[in-house]
**Q** 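What follows is a structure written as structure tokens; I'll ask about it next.
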Amino acid sequence: AGTGSSSRPLADKGAAVTCLDFSEGMLAAGRLRNPDLTFIQGDALNLPFPDQSFDLTTISFGLRNTHDYKKALQEALRVTKVGGRMVIVEFSTPTFAPFRIIYMNYLMKLLPKLARKTSSNPAAYVYFAESIRAWPNQELLAAEMSGAGWRNPSWVNLTGGVVAVHTGIKGS
């Protein structure tokens, strides 16, 4: 959940929200920004919740940062109630081939070079670019969701596929 920025709109609509993140530093910042939300330190690969705890599980721009995203999908399924949903917002693969080539080359070549010259933490930008390039495309992530047990996985592309919102339903 990081600082809770993706959780905030859910809470504002009346949902009871539990924010989980691996980084205590991110959680501390989240507690300052969103003192009314519940923040818990934990690992997406070993969620500290009982089976079937939540109607909805979400992860925004974090699934690709887990050590084993397939295990994270299974853990999310475990803690989601039957009939509940998972929503994943993540960087993805642009759908328009000419743009995809420019985008991937920009990320892999230009962004890390610029970061090495201008950033106090260039390794973070190199990791960012490499993690996006290595991430499965929309169809493959939907197949991985299905393999983890999610039913009817689907996605909606945003910004031409630079970001995709994947959803799945937990069956019985």
Side-chain angles (χ1 to χ4, degrees), residues 1-23 26 30 33-34 37 42 44-45 47 49 52-108 110-111 124-125 127-172:
T3 63
S5 60
S6 294
S7 303
R8 177 83 266 153
L10 297 172
D12 289 347
K13 292 289 186 183
V17 175
T18 302
C19 306
L20 179 128
D21 200 279
F22 193 75
S23 167
M26 292 295 280
R33 290 183 190 172
N34 298 289
L37 298 182
L45 305 183
L47 293 170
F49 307 111
Q52 299 195 52
S53 296
F54 301 101
D55 296 310
L56 172 72
T57 53
T58 68
I59 187 165
S60 299
F61 304 106
L63 187 60
R64 70 187 161 76
N65 294 325
T66 64
H67 178 67
D68 181 350
Y69 75 90
K70 294 175 188 178
K71 172 100 168 97
L73 290 171
Q74 292 168 345
E75 270 294 280
L77 184 73
R78 180 184 67 76
V79 302
T80 303
K81 294 176 183 176
V82 173
R85 294 184 177 271
M86 179 167 199
V87 178
I88 302 165
V89 180
E90 190 56 82
F91 290 104
S92 202
T93 304
T95 55
F96 182 58
F99 176 67
R100 182 174 53 245
I101 292 166
I102 293 167
Y103 177 77
M104 291 301 185
N105 283 328
Y106 162 76
L107 280 177
M108 289 308 296
L110 185 58
L111 181 63
Y125 289 91
Y127 167 77
F128 174 71
E130 289 176 355
S131 69
I132 291 173
R133 189 170 174 95
W135 187 245
N137 67 21
Q138 293 87 323
E139 189 173 316
L140 182 54
L141 182 57
E144 296 292 359
M145 290 177 72
S146 181
W150 292 99
R151 286 190 176 170
N152 304 322
S154 63
W155 68 90
V156 174
N157 289 315
L158 305 177
T159 319
V162 171
V163 171
V165 179
H166 281 76
T167 59
I169 301 168
K170 181 174 181 174
S172 55

**Q** Rounded to the nearest 0.5 Å, what's the gap from OG on Ser7 to CG on Leu20? Could you check?
**A** 10.0 Å
**Q** So Phe61 and Val163, do their side chains get closer than 4.5 Å, heavy atoms only?
**A** yes
**Q** With sequence neighbours excluded, tell me which residues meet salt bridge (charged side-chain N to carboxylate O under 4.0 Å, His left out) with Asp55.
**A** Lys81
**Q** Just to verify, what does Phe49 make a ring pair (Phe, Tyr, Trp, His ring centres under 6.0 Å) with, not counting sequence neighbours?
**A** Phe54
**Q** Please name the pair of heavy atoms, one in Leu45 and one in His67, separated by the smallest distance, quoted to 0.1 Å.
**A** CD1-CB, 3.9 Å
**Q** Take Thr80 and Trp150 through the test side-chain contact (heavy atoms from CB on, under 4.5 Å) and record every step on the way to the result.
**A** CA-CA 10 Å; Thr80 303; Trp150 292 99; 3.5 Å; yes
**Q** What residue pairs, at least two apart or across chains, pass salt bridge (charged side-chain N to carboxylate O under 4.0 Å, His left out) with a residue in residues 142-171?
**A** Lys70-Glu144
**Q** Check whether Asn157 reaches the backbone of Gly160 with its side chain - one donor and one acceptor, N or O, closer than 3.5 Å.
**A** no
**Q** To the nearest 0.5 Å, what is the distance between CG (Leu111) and CG (Asn105)?
**A** 12.5 Å
**Q** Between atom CG of Leu73 and atom OG1 of Thr57, what is the distance when rounded to the nearest 0.5 Å?
**A** 9.0 Å
**Q** Measuring from atom CD of Gln74 to atom OH of Tyr69, what distance do you get when rounded to the nearest 0.5 angstrom?
**A** 11.5 Å
**Q** Counting heavy atoms not belonging to Tyr103, are there more than 12 under 6.0 Å from its OH?
**A** yes
**Q** Can you tell me how far CG of Leu77 sits from CG of Leu47, rounded to the nearest 0.5 angstrom?
**A** 11.0 Å
**Q** Taking 4.0 angstrom as the limit, do Glu75 and Arg78 come out as a salt bridge?
**A** yes
**Q** With no hydrogens and no angle check, is any side-chain donor or acceptor of Asn34 less than 3.5 Å from a backbone partner on Ser5?
**A** no
**Q** Does atom CD of Gln52 have more than 12 heavy-atom neighbours, drawn from other residues, nucleotides or ligands, at distances under 6.0 Å?
**A** yes
**Q** Go through the structure and list residues passing side chain to side chain donor-acceptor pair (under 3.5 Å) with Ser6, not counting sequence neighbours.
**A** Ser60
**Q** Sequence neighbours left out, what passes salt bridge (charged side-chain N to carboxylate O under 4.0 Å, His left out) with Arg8? Give chain and number order.
**A** Asp12, Asp36
**Q** Pairs under 3.5 angstrom only: tabulate donor-acceptor contacts from the side chains of residues 82-92 to other protein residues two or more places apart or in another chain.
**A**
{"from": "Glu90", "atom 1": "OE1", "to": "Gly62", "atom 2": "N", "distance (Å)": "3.3"}
{"from": "Glu90", "atom 1": "OE1", "to": "Leu63", "atom 2": "N", "distance (Å)": "3.2"}
{"from": "Glu90", "atom 1": "OE1", "to": "Arg64", "atom 2": "N", "distance (Å)": "3.2"}
{"from": "Glu90", "atom 1": "OE2", "to": "Arg64", "atom 2": "NE", "distance (Å)": "2.7"}
{"from": "Ser92", "atom 1": "OG", "to": "Gln138", "atom 2": "OE1", "distance (Å)": "3.1"}
{"from": "Ser92", "atom 1": "OG", "to": "Gln138", "atom 2": "NE2", "distance (Å)": "3.4"}

**Q** For a quick test of reading the model, state the closest non-hydrogen atom pair linking Ala11 to Leu37 and the distance between them.
**A** CB-CD2, 3.5 Å
**Q** Does Thr159 reach the main-chain N or O of Val162 with its side chain, forming a donor-acceptor pair under 3.5 Å?
**A** no
**Q** Using only atom types and a distance under 3.5 Å, with no angle test, would you say the side chain of Trp135 pairs donor to acceptor with the backbone of Leu141?
**A** no
